[in-house]
Amino acid sequence: MIWNETKECMSRDEMTALQSARLNKVVNRVYHNVEYYRKKMQQAGLEPGDINGIEDIEKLPFTNKDDLRDTYPYGLFAAPQSEIVRIHASSGTTGKATVVGYTRRDIDVWSECVARALTMAGVGKGSTIQVAYGYGLFTGGLGAHYGAEHLGATVIPMSTGNTKKLTTMMEDLGATSIACTPSYLLHIAETLEAEGRIPNIKLKSAICGAEPWTEAMRIQIEEKLHISAHDIYGLSEIMGPGVACDCIYHTGLHIYEDHFLPEIVSPETLKAIADGETGELVFTTLTKEGIPLIRYRTKDLTSIGYDKCECGRTLARISRFKGRSDDMLIIRGVNVFPSQIEAALLEMGETSPHYIMEVDRIDNLDILEVKVEVEDRYFSDEIRALESLTRKIERTIRDAIGLAVKVKLVEPKSIERSMGKAVRVIDKRKL
Amino acid sequence: MKQLSVFLENREGRLSDVLRILAENNINILSLSLADTSEYGMLRLLVSEPEAGRKALREQDLSATLTEILAVKMPHEVGSLQRILTILCDAGINIEYMYALCTGTSEAALAIKTSDPEVALNVLERSGVDMFII
C-alpha cells in the first residue's frame, strides 16, 4: 500500500520541478521573515532571486545546531507566534535545549509524512497501534500519534516506561502495530518470549526509530515477534519522525523529498558527494512554515540513491545510518552530547570536570554510566556524604540530559588525560 | 587525633598500593578500618605521621584527607564500650563511625568519629575516660 501515490511515485523530473518551486518559496520565506537567514544570505551576496531551482542549492549557507542555539528560542522562526500551535524541543549541545515550532499546516504535513511511513509498515484504518515513544517535548510520541490518527488507525498512547502494562494491553486490545525504539522493542520481545506470551499477541508490524540499529537487530526482532519491522527516521529540527522510512523491501529509507530536500556532503569539505558514497545528510525543509531550515546539517552519515524501488516508490532512498560526524550519542532514543554532561558538572561545581561516559546495552536496554573523579576538596571520609554526592551528581546529569544515569566516583587522575581531544565516551554497544 | 582517610576504587591492588606508599615513606600504621561499598572503599588509618602520609599519597594521585577523630582508651571489661557510648549519647553527640584499634593485654582502644569532636573530648575527659593523644 502507498499512502500518497501522486507524491511518492512521481517521476524524477516532476519531483525536481516541485522541489525547485518549493525551494524558491522557502528561500523567500526565510529571507523575508528570518533576520538571521537574511543576514547570512546578504553576507554571501545572495538574494532570493538567485535561487531558481534545486541546482542552486549549493549557493545557500548551511545551518547547524549551534545556529539554533545562538538564536534560542525563537530566532529562526519564520511565522508569528500567533500561528504557532505546537512547540517541541530536543537536546542542545550544551545547557539550553533546541526549540522548534509548528504551524497548524506543519502539523498536517507531519501527520501526512508519518501516515506515509505507517502505510509502508502495513498500518491502516482498522489497525491498532501502540505508540510507545515518550510523549512530551520529544517529537516521537506526539508525532507518531498524530500520523496514526490521520491514517485512521486506533491509537493507544502508551508512552514509555511501563513494560508490564504495555504487554498486557498489547495482548488484551489486540494491538497490530507498535511504534517505539528498536532496543525497547527487543526488550519487549524478550519479555514476552520468556513468559511464553508470544502466541497471545496479534502484532504484525513495528515502526522503530529514534536510535540507530542494525539489519541484524531488525531480523532478530522480526523473527522473535513474527512481524515486519520498519526503520523510521527523523529529527525535531527538520520535523520529527517521518522524514524517511523503509518499505517492506528494506532497501533503504525512502525520504519524503517533496517536503525535505536531501543532500549528501563531505563533512570535511562540505562539497556534494556522489550518489552511493557515504557522507553527511543535509536537509532543506521545503514546506515548513514554523521553522524552515536551509541546508541543515544532520551530522548523520549515510549514502543516497535515486533509483526506483521495487515497491513502486520513486522517492530517494538513504542507506542505514553509518554513524555521526559529531560526538552525539543516542541513548534510549534520547540525543546526548558529552558537552551537556560537562556543562552540568561544571555548573554543579562540586566535582572535577573530569568524567567519562560509558554506554552499554544490557538486556537490550541502554545503560549510561558516568565516571567522575573525586577531588580532594569535595572528598569526605564519610560514605554517607560520598553517596549523597553521587546521588546529587546523578540528579544534576539527569536534569541536564533527561535520562537516568548511574554515577560512579573514581580516584583522582584515574581518567586518562589526553593531549588532544579528550576521550569522553566509551560506547560498548554493538550497533 | 588525626586520621588519614583514603578513597579507594574497587580495583585489584589498590589497597596494597596505599600500604606500599606508606611503607616507602617510613610511616607506621597503628590501626586501620576499611569500609566498603559496591563501588569503592574508604580506608581509614591511624598512622605515625598523618601529614606526611597524606602528602605521600597525594603525590601518587590518591585522594587522601585528614579527619579529626578521638582515640579512647577502653578497659578490657564487660560494659566499658557501652559506658563510653552512654556518655556521648547523653551529651547529644552522634557517632559517624568507629572502629577498634591496637589492643594490648590490659586495655583496648577505640577510634571514634563524632559529630562534634571538641565537645566529645570534653565530656569523655570529664567522665574520667582516658584518651590517646598522639
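The chains referred to below are lettered A, B, ... by the order of the sequence lines, with proteins before strands, and numbering in each begins at 1. Heavy-atom basis, side chains included; hydrogens, waters and symmetry copies ignored.
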Would you mind checking which part of [X] comes under 4.5 Å of any heavy atom in chain A, side chain (CB onward), backbone (N, CA, C, O), both or neither?
X	answer
B:T67	side chain
B:S63	both
B:Y40	side chain
B:L43	neither

Find out whether the Lys NZ or Arg CZ of B:R44 is both under 6.0 angstrom from the six-membered ring centre of B:Y97 and within 45° of the ring's axis. yes
If we only count heavy atoms from C-beta on, is the A:Q340 to A:I397 side-chain gap below 4.5 Å? no
Please walk me through it: do A:K406 and A:E394 pass salt bridge (Lys or Arg N to Asp or Glu O under 4.0 Å)? CA-CA 6 Å; A:K406 180 175 159 37; A:E394 284 177 348; 5.8 Å; no
Where A:G134 and A:T160 come nearest, the two heavy atoms and their spacing: N-CG2, 3.5 Å
Which distance, rounded to the nearest 0.5 Å, do you find between the CE of B:M98 and the CG of B:L81? 4.5 Å
At a heavy-atom separation under 4.5 Å, does A:K371 approach chain B through its side chain, its backbone, both, or neither? neither
